[in-house]
A.B. asks: 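One structure, pasted below without further comment.
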Amino acid sequence: ALEDENGQTYYINVDTVYARDDMGNDEYLTSSGLGYYGFLNKVGPYLYYVTDYEDMLDAEIDRYNTETGEEEMLWESDDEILFMTIIGETIYFESDDTVYTADLNCESVTPLFKAEDDFAMVSFTKDGIFYTEDSDKDLGIYHRDLNGENKEKIGEGYSFCVDGERIYINALDKNGADTIIAADLDGENAEN
């Protein structure tokens, strides 16, 4: 779910995008009918989302114009499209173990870098690209600039969440118990 600059709330329920007014009433906007929607973003009048048909059809990046009701498919892949996030005028996403960028019309889709094995998690923020890979035996958490350059290991753990100026890492302590580590985005100043 998301709230736009005008206070309008939009959300996805399985295969349908809804708008909810301030009285709690839901308005159906569009539905895939066959697959699942995910990764909802809004820029101007457009809602952007991924449609995943679970191996029946290609996965798609779609957008819906909230002013005209027009829906259009922008880009498709025969693999899943995951972690789609829009920062400024750029769409970031992962597909087929490759991180891509695209303009808002997906007329120019550019691969940035490929995982050494499989991405386990990817998070795109204004501060860069944070990710883990399934192949990393050290459970490394990595950071790159938004252009895909300057790979740097910033921590170890099996999942994470980036929130503002901190990263929260789910890791195992020296006794093998789950712990949450909070650190600066460069991995410094870590604390349990």
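Excluded from the calculations below are hydrogen atoms, water molecules and symmetry mates; all remaining heavy atoms, backbone and side chain alike, are included.
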A.B. asks: Has the side chain of N65 got a donor or acceptor atom that lies under 3.5 Å from a matching backbone atom of T68?
C.D. replies: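 Yes, N65 side chain to T68 backbone: donor-acceptor pair under 3.5 Å.
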A.B. asks: Atom CZ in F130, atom CZ in R144: separation rounded to 0.5 Å?
C.D. replies: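 Reported value, rounded in 0.5 Å steps: 13.0 Å.
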A.B. asks: Could you tell me how the ring of Y11 sits relative to the ring of Y18: parallel (under 30°), tilted (30 to 60°) or perpendicular (over 60°)?
C.D. replies: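 Taking Y18 first and then Y11, their aromatic rings lie parallel (interplane angle under 30°).
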A.B. asks: May I ask you to decide if E80's main-chain N or O and S95's side chain share a donor-acceptor pair within less than 3.5 Å?
C.D. replies: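 Yes, the answer is positive, given that a donor and an acceptor are paired below the 3.5 Å cut-off.
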A.B. asks: Looking only at heavy atoms, which two atoms of I181 and N192 are closest? And how far apart?
C.D. replies: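 Scanning both residues completely, I find the closest heavy atoms to be CG1-OD1, 3.3 Å.
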A.B. asks: Strictly distance-based, threshold 3.5 Å: is any side-chain N or O of D184 a donor or acceptor partner for the main-chain N or O of D186?
C.D. replies: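 Flag not set: sc D184 to bb D186 has no pair under 3.5 Å.
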A.B. asks: Could you give the distance from OG (S32) to CD1 (I12), rounded to the nearest 0.5 Å?
C.D. replies: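 Between atom OG of S32 and atom CD1 of I12 there are 9.5 Å.
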A.B. asks: Apply side-chain contact (heavy atoms from CB on, under 4.5 Å) to the pair S123 and F83, showing each step before the final yes or no.
C.D. replies: CA-CA 7 Å; S123 181; F83 311 113; over 6 Å; no
A.B. asks: Looking only at heavy atoms, what is the nearest atom pair of Y100 and V109, with distance?
C.D. replies: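 Closest approach of Y100 to V109, heavy atoms only: CD2-CG1, 3.8 Å.
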A.B. asks: Given F124, which partner from the list V162, I87, I86 fulfils the side chain to side chain contact (heavy atoms under 4.5 Å, CB included) test?
C.D. replies: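 In the set V162, I87, I86, the residue that makes a side chain to side chain contact (heavy atoms under 4.5 Å, CB included) with F124 is I87.
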A.B. asks: Considering non-hydrogen atoms only, spot the tightest contact between I129 and F113 and give its length.
C.D. replies: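 Shortest heavy-atom separation between I129 and F113 comes out as CD1-CE2, 4.0 Å.
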A.B. asks: Group every Ile, Leu, Val, Met, Phe, Trp and Tyr by side-chain heavy-atom contacts under 4.5 Å, then state whether Y64 and Y46 land in the same group.
C.D. replies: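 Each belongs to a different hydrophobic cluster.
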A.B. asks: Looking at E133 and E116, would you say the former's side chain and the latter's main chain have a donor-acceptor pair under 3.5 Å?
C.D. replies: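 Yes, E133 side chain to E116 backbone: donor-acceptor pair under 3.5 Å.
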A.B. asks: Going from CH2 on W75 to CE on M84, what distance comes out if it is rounded to the nearest 0.5 angstrom?
C.D. replies: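 If we round to the nearest 0.5 Å, W75:CH2 and M84:CE are 11.5 Å apart.
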A.B. asks: Shortest non-hydrogen contact from E156 to A171?
C.D. replies: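 Nearest pair, atom of E156 first, then A171: O-CB, 3.5 Å.
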A.B. asks: Going by heavy atoms in the side chains, are L172 and T179 under 4.5 Å from each other?
C.D. replies: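 Contact flag for L172/T179 side chains = no.
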A.B. asks: Assess the side chains of T101 and T90: does a donor N or O sit below 3.5 Å from an acceptor N or O?
C.D. replies: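 Looking only at side-chain atoms, T90 and T101 do not form any donor-acceptor pair under 3.5 Å.
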A.B. asks: Yes or no on side-chain contact (heavy atoms from CB on, under 4.5 Å) for Y48 and V43, after CA distance, side-chain angles and deciding distance?
C.D. replies: CA-CA 8 Å; Y48 291 81; V43 177; 4.1 Å; yes
A.B. asks: Can you tell me how far apart NE2 (H143) and CD1 (I154) are? Round to the nearest 0.5 Å.
C.D. replies: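 Answer for the NE2-CD1 pair, H143 versus I154, is 7.0 Å.
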A.B. asks: Taking the side chain as every heavy atom from C-beta outward, state whether L40 and Y10 have any atom pair closer than 4.5 Å.
C.D. replies: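 Yes, close enough: below the 4.5 Å cut-off.
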A.B. asks: Answer yes or no: is there a side-chain heavy-atom contact under 4.5 Å between V17 and Y49?
C.D. replies: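 Sidechains of Y49 and V17: in contact.
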A.B. asks: Can you tell if the side chain of D178 reaches within under 4.5 Å of the side chain of N170, non-hydrogen atoms only?
C.D. replies: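 Side-chain contact under 4.5 Å: yes.
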A.B. asks: Would you say the side chain of C106 lies within less than 4.5 Å of the side chain of I91, judging by non-hydrogen atoms?
C.D. replies: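 Counting from C-beta outward, I91 and C106 do come under 4.5 Å.
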A.B. asks: Do side-chain atoms of T98 reach the backbone of K114 as a donor and acceptor pair under 3.5 angstrom?
C.D. replies: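 The answer is no, because no donor-acceptor pair under 3.5 Å joins these two groups.
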A.B. asks: Please check if the side chain of D21 supplies one atom and the backbone of M23 the other of a donor-acceptor pair under 3.5 Å.
C.D. replies: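 Present.
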A.B. asks: Taking the side chain as every heavy atom from C-beta outward, state whether V122 and Y92 have any atom pair closer than 4.5 Å.
C.D. replies: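 V122 vs Y92: side chains apart.
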A.B. asks: Quick one, Y36 and T51 - any side-chain contact, counting heavy atoms below 4.5 Å?
C.D. replies: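 No, too far: nothing below the 4.5 Å cut-off.
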A.B. asks: I need the single residue from I141, L139, T132 that forms a side chain to side chain contact (heavy atoms under 4.5 Å, CB included) with I169. Which is it?
C.D. replies: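 Passing option: I141.
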A.B. asks: Looking at V50, is its backbone amide N or carbonyl O close enough to the side chain of D52 to form a donor-acceptor pair, meaning the two atoms are under 3.5 Å apart?
C.D. replies: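 A pair under 3.5 Å: no.
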A.B. asks: To the nearest 0.5 Å, how far apart are OG1 in T16 and OH in Y28?
C.D. replies: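 One finds 6.0 Å between OG1 of T16 and OH of Y28.
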A.B. asks: Might you point out which heavy atoms bring L47 and L29 nearest each other, and give the distance in Å?
C.D. replies: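 Smallest heavy-atom distance, with atoms named: CD1-CD1, 3.9 Å.
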A.B. asks: Under 3.5 Å, is there a donor-acceptor pair between the R63 and N105 side chains?
C.D. replies: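 There is such a pair (donor and acceptor under 3.5 Å, judged by atom type) between the side chains of R63 and N105.
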A.B. asks: For salt bridge (charged side-chain N to carboxylate O under 4.0 Å, His left out), just list the numbers for E165 and K126, CA-CA rounded to whole Å, side-chain angles, deciding distance to a tenth of an Å, and then say yes or no.
C.D. replies: CA-CA 10 Å; E165 299 300 315; K126 65 177 180 55; 3.7 Å; yes
A.B. asks: Going by the angle between their ring planes, with limits at 30° and 60°, are Y131 and F119 parallel, tilted or perpendicular?
C.D. replies: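 It falls in the perpendicular class, over 60°.
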A.B. asks: Could you state the interatomic distance from CG (D62) to CD (E60), rounded to the nearest 0.5 Å?
C.D. replies: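 Between D62 CG and E60 CD, I get 4.5 Å after rounding to 0.5 Å.
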A.B. asks: Pairs in or reaching into residues 25-43: which pass salt bridge (Lys or Arg N to Asp or Glu O under 4.0 Å), with residues at least two apart or in two chains?
C.D. replies: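 Applying salt bridge (Lys or Arg N to Asp or Glu O under 4.0 Å) to every pair that reaches into residues 25-43, excluding sequence neighbours, yields D4-K42, R20-D26.
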A.B. asks: What heavy-atom pair brings S31 and Y37 nearest, and what distance separates the two atoms?
C.D. replies: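 Smallest heavy-atom distance, with atoms named: C-OH, 3.2 Å.
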A.B. asks: Of D79, D118, L82, I81, which meets side chain to side chain contact (heavy atoms under 4.5 Å, CB included) against D96?
C.D. replies: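 Single pass found, and it is D79.
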